[in-house]
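Everything below concerns the one structure shown next.
Here is the naming used below: chain letters follow the sequence lines, and residue numbers restart at 1 for every chain.
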Number of protein chains: 2
Amino acid sequence: LLDASHLWKVYGEGDARVEALRDVCLSVEAGEFVAIMGPSGSGKSTLMNLLGCLDKPTRGTYRVEGEDVSRLSATDLAHRRNRTLGFVFQAFNLLPRTSALANVQLPMLYAGVPSKELERRARAALERVGLGDRLSHLPSELSGGQQQRVAIARAIVNRPKVILADEPTGNLDSKTSAQILELFQQLRDEGLTILYVTHEPDVAEYASRLVVVKDGRIAQDGPQTPK
Amino acid sequence: LLDASHLWKVYGEGDARVEALRDVCLSVEAGEFVAIMGPSGSGKSTLMNLLGCLDKPTRGTYRVEGEDVSRLSATDLAHRRNRTLGFVFQAFNLLPRTSALANVQLPMLYAGVPSKELERRARAALERVGLGDRLSHLPSELSGGQQQRVAIARAIVNRPKVILADEPTGNLDSKTSAQILELFQQLRDEGLTILYVTHEPDVAEYASRLVVVKDGRIAQDGPQTPK
Ligand SMILES: Nc1ncnc2c1ncn2[C@@H]1O[C@H](COP(=O)(O)OP(=O)(O)OP(=O)(O)O)[C@@H](O)[C@H]1O
Ligand SMILES: Nc1ncnc2c1ncn2[C@@H]1O[C@H](COP(=O)(O)OP(=O)(O)OP(=O)(O)O)[C@@H](O)[C@H]1O
Ligand SMILES: [Mg+2]
Ligand SMILES: [Mg+2]
């Protein structure tokens with residue numbers, strides 16, 4: 001499903017050169033549930049941005065469903081992203097002047113979902129993350145963990161094939177974290193593929209495969225018995 | 001040092017009314033090391049914003065060093081905040097077009113620190129949080145955990161009496177978290193008072209007092225043996 005081959009991501013030159021990713025190879029099949037861990041600054045978000053087609057590698061090839069994404073036009077890439085991938089950003093990236101409900105509808109507008117479906121599905125996604133009573137709030141009127149959950153609802157509402165979540169429980173207490181991880185498990189049982197970055201071992205335990213990133217490289221990659 | 005008496009914070013009216021804080025009383029002495037935990041949306045950031053003089057309560061009185069802050073003019077309140085309190089925001093709130101080094105210098109500019117001191121002290125604060133090699137990076141060129149650490153460096157650089165940190169380790173791996181918490185312990189040994197919000201029990205263990213917030217109220221408040 002996702003096939004990253006010898007990816008490099010380099011920023012800057014000379015003294016300012018940062019090799020954020022070095023020769024990264026990662027292959028993910030449909031239905032997998034993968035946790036990605038590693039120190040701060042090790043390259044996890046950079047990797048997620050490449051896997052999510054939000055950025056291009058400096059070197060290497062990345063295929064989604066067999067298609068080399070570097071060959072796609074910007075428009076085709078945006079289409080591919082919209083129908084296949086749901087992304088939860090480390091900093092949420094919600095539209096600030098837009099309610100929770102409207103924020104969650106955005107991916108569906110782009111996908112051409114019929115207008116009478118938009119509100120119903122956005123509401124259902126927000127209820128799944130426990131925010132049924134915060135639909136009209138703006139991001140500035142929501143707590144950090146509530147904003148995080150709006151970002152999660154937005155990532156799942158289009159039923160993408162793959163969810164890429166960068167620290168999805170970073171701002172959540174343990175009870176709400178467990179609810180979100182159980183939601184991810186249900187989605188995986190419904191056929192979605194899930195990759196999530198976390199720095200908490202308790203959270204990584206829900207996955208059936210663990211990838212550890214260190215200094216821009218994959219230091220470890222193997223199966224584990226999920227919780 | 002900090003004395004919050006019967007604080008309420010209410011947003012909205014009618015159906016949209018949210019009682020974010022209800023009748024909260026909290027008293028903190030100089031030199032304390034307090035962890036604040038509680039579910040997502042329970043009122044922790046709202047409480048921190050009131051304690052940090054970034055917002056006013058709907059009802060109740062809040063005194064800093066014996067002075068009722070609701071009596072201060074906006075200018076005096078800003079001065080009081082700048083010299084007494086250092087704040088680490090849940091969303092970091094760094095200036096996006098400004099380097100890490102310049103972001104950390106901001107509180108000192110406001111305090112009138114001599115210009116030849118500015119760069120030296122900002123650099124020292126960034127080295128203390130492990131970012132000595134990222135001084136000229138913009139926030140968008142830093143990882144989530146690196147941005148978080150710039151926000152921490154900015155909060156400590158003016159040697160405030162109190163540090164209020166809202167989820168300071170939320171984006172940090174366990175090794176970097178431990179470094180930041182040890183830094184907080186050192187600062188407490190140097191005479192600072194530290195309050196921090198966390199949702200991770202391992203992180204709360206460093207404090208000598210635990211406050212638990214639930215549904216806008218203080219559900220629990222007592223001493224604990226720190227790690
Ligand atoms: N635009 C950029 N220019 C220069 N360096 C960058 C840029 N973006 C990221 N970096 C650097 O690349 C490295 C990897 O960043 P990345 O955001 O992938 O880390 P991360 O593993 O997600 O960290 P965290 O756990 O703190 O979120 C970091 O050291 C960062 O400073
Ligand atoms: N401007 C606002 N208008 C209406 N409701 C608000 C506003 N700001 C915050 N709230 C609500 O107040 C409650 C408390 O928010 P707060 O940010 O203090 O929670 P928190 O404990 O910090 O949560 P988290 O752990 O998720 O960061 C939340 O339910 C939130 O929806
Ligand atoms: Mg990251
Ligand atoms: Mg909060």
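- Under the 4.5 Å side-chain criterion, counting only non-hydrogen atoms from C-beta, B:Asn171 is in contact with A:Gln90.
- Separating the OG1 atom in B:Thr176 from the NE2 atom in A:His199 is a distance of 9.5 Å, to the nearest 0.5 Å.
- Chain B forms the most heavy-atom pairs under 4.5 Å with one residue out of A:Pro39, A:Ala20, A:Ala16, A:Gly145, and that residue is A:Pro39.
- Taken from CG in B:Leu172 to CD in A:Glu200, the straight-line distance is 11.0 Å, to the nearest 0.5 Å.
- Of the listed residues (A:Lys175, A:Gln146, A:Arg149), just one forms a side-chain hydrogen bond (donor to acceptor under 3.5 Å, both in side chains) with B:Ser40, and that residue is A:Arg149.
- The minimum heavy-atom distance linking A:Arg134 with B:Val18 is given by the pair NH2-CG1, 3.9 Å.
- If you measure heavy-atom distances from A:Gln147 to chain B, you find no contacts under 4.5 Å at all.
- Most heavy-atom pairs under 4.5 Å with chain B, from the set A:Ser42, A:Gly170, A:Ser143, A:Ser45: that is A:Gly170.
- Atom CG of A:Asn93 has more than 12 heavy atoms from other residues, nucleotides or ligands within 6.0 Å.
- For B:Ser177, no part sits under 4.5 Å from any heavy atom of chain A, backbone or side chain.
- Atom CD of B:Glu13 has 12 or fewer neighbouring heavy atoms from other residues, nucleotides or ligands inside a 6.0 Å radius.
- To the nearest 0.5 Å, atom CG of residue A:Asp202 and atom CG of residue B:Asp202 are 7.0 Å apart.
- Applying the 6.0 Å contact sphere to CD of A:Glu19 captures more than 12 heavy atoms from other residues, nucleotides or ligands.
- Other residues, nucleotides and ligands contribute over 12 non-hydrogen atoms within 6.0 Å of the CG atom of B:Asp189.
- B:Lys227 NZ: more than 12 foreign heavy atoms inside a 6.0 Å radius.
- B:Asp215 CG: 12 or fewer foreign heavy atoms inside a 6.0 Å radius.
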